[in-house]
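Reviewing the structure listed below.
Each chain gets a letter, A, B and so on, in the order the sequences are listed, and its residues count up from 1.
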Amino acid sequence: MARLTRSWFDRDPRELAPLLLNKVLVSRDGPTVLRARITEVEAYCGSTDPASHAYRGCTPRNATMFGRPGHLYTYFVYGMHWCANVVAGAPPDDAGAVLLRAAVPIAGLDVMRARRWTGRTRESARRDIDLLSGPAKLAAAFALDRTHDGLDLTRGAIGIYDDGTPPPGSPQQTVRIGLRAGRGDREPWRWLTPSV
DNA sequence: ATTAAGATTGGCT
DNA sequence: GCCAATCTTAATA
């Protein structure tokens, strides 16, 4: 498996996003190894994109987006969830990122289950396919939070790898999810690996 | 100082 | 399909 490099991430988020499909997110924590194949992503384009956290310029919260491509940008939403982005390339003083929206678990499912599902979770809701089937689910299963904001994906314990599986030749493409009307909700910048 | 909105999720009708 | 949960951030006063 080849780890993706800094220069590989240095592309416009709309180019980078579909290339991330079928890549493998890997987290190593001592004996624990988590692996998952990325299947859904969204591109966010900084100052030109009303839906982007960077639309109104650099703030303490989004500063990582203005930094180096290939780093992790994590943010807190709805008072309870974390989501994870990969910082993409952008023009000088601008920002871009790709939101990791979903993945298929490959290894470390037990750890993912323990992090995702408390005793309160209904048994019928505990399906492996739903372990990473949303941006906050993925972040929770990989334990990504404030402490991972700015983390370098090209070095260290967490990275993205090419295992030889190419991105889908014809990815599914739709408008982005969860955006307010008129706030970039018409841009078709969501890509998915076709389910079959 | 106050406030509105948020790149979501899971349980319930 | 509807809606509550939960709290940070940034904009406004």
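- Between A:R101 and the phosphate of B:dT8, there is a side-chain N or O to OP1/OP2 separation shorter than 4.0 Å.
- If you check every strand for non-hydrogen atoms under 4.0 Å, A:A125 touches sugar and phosphate atoms only.
- Side-chain N/O atoms of A:R122 include one lying less than 4.0 angstrom from OP1 or OP2 on B:dG11.
- Nucleotide B:dG10 holds its C1' atom 12 Å from the CZ atom of A:R120, rounded to whole Å.
- Looking at A:R6 and A:D152, no side-chain N of the basic residue comes within less than 4.0 Å of a carboxylate O on the acidic one, giving no salt bridge.
- With respect to the salt-bridge test (charged N to carboxylate O, under 4.0 angstrom), the residues A:D149 and A:R146 do not qualify.
- Rounding to whole angstrom units, CZ of residue A:R116 and C1' of B:dT8 are separated by 11 Å.
- For A:Y44 and B:dA7, the ring-to-base geometry satisfies the stacking test (centroid distance below 5.5 Å, interplanar angle below 30°).
- Residue A:D145 contributes atom CG, which lies 14 Å from atom C1' of C:dT8 at whole-angstrom precision.
- Both A:W117 and A:A54 lie near DNA chain B, and the one whose nearest nucleotide falls closer to the 5' end is A:A54.
- Here C:dA11 is the nucleotide among C:dA11, B:dT8, B:dA7 with the atom lying nearest to any side-chain atom of A:R56.
- We find that CG of A:D149 is positioned 11 Å from P of C:dT9, with the value rounded to whole Å.
- For B:dA7, the base has a donor-acceptor partner in the side chain of A:Y75 [N/O atoms by modelled type, under 3.5 angstrom].
- Taking atom CD of residue A:E42 and atom P of nucleotide B:dT8, one finds them 7 Å apart after rounding to whole Å.
- Atom CH2 of A:W82 is separated from atom C1' of C:dT9 by 11 Å (rounded to the nearest Å).
- Distance from the side chain of A:K137 is smallest for B:dT9 among the nucleotides B:dG6, B:dT9, B:dA7.
- Between A:H53 and A:Y75, the angle of the ring planes goes over 60°, which puts this pair in the perpendicular group of the 30/60° scheme.
- To the nearest angstrom, C1' of C:dA5 lies 11 Å from CZ of A:F76.
- Using a 4.0 Å cut-off between charged nitrogen and carboxylate oxygen, A:R37 and A:D163 count as a salt-bridge pair.
- Applying the 4.0 Å criterion to OP1 and OP2 of C:dT8, one finds that A:R61 has every side-chain N and O outside that range.
- Across all strands shown, A:L179 has heavy atoms under 4.0 Å from sugar-phosphate atoms exclusively, and none from any base.
- Comparing A:H81 and A:R146, the nucleotide of DNA chain C nearest to each residue sits closer to the 5' end for A:H81.
- Figure legend. C:dC3 is base-paired to B:dG10; pairs are counted as Watson-Crick or G-U wobble with both atom distances under 3.5 Å.
- The residues A:R176 and A:E187 are annotated as not salt-bridged, no charged nitrogen and carboxylate oxygen being separated by less than 4.0 angstrom.
- The CZ atom of A:R190 sits 13 Å away from the C1' atom of B:dT8 (whole-angstrom rounding).
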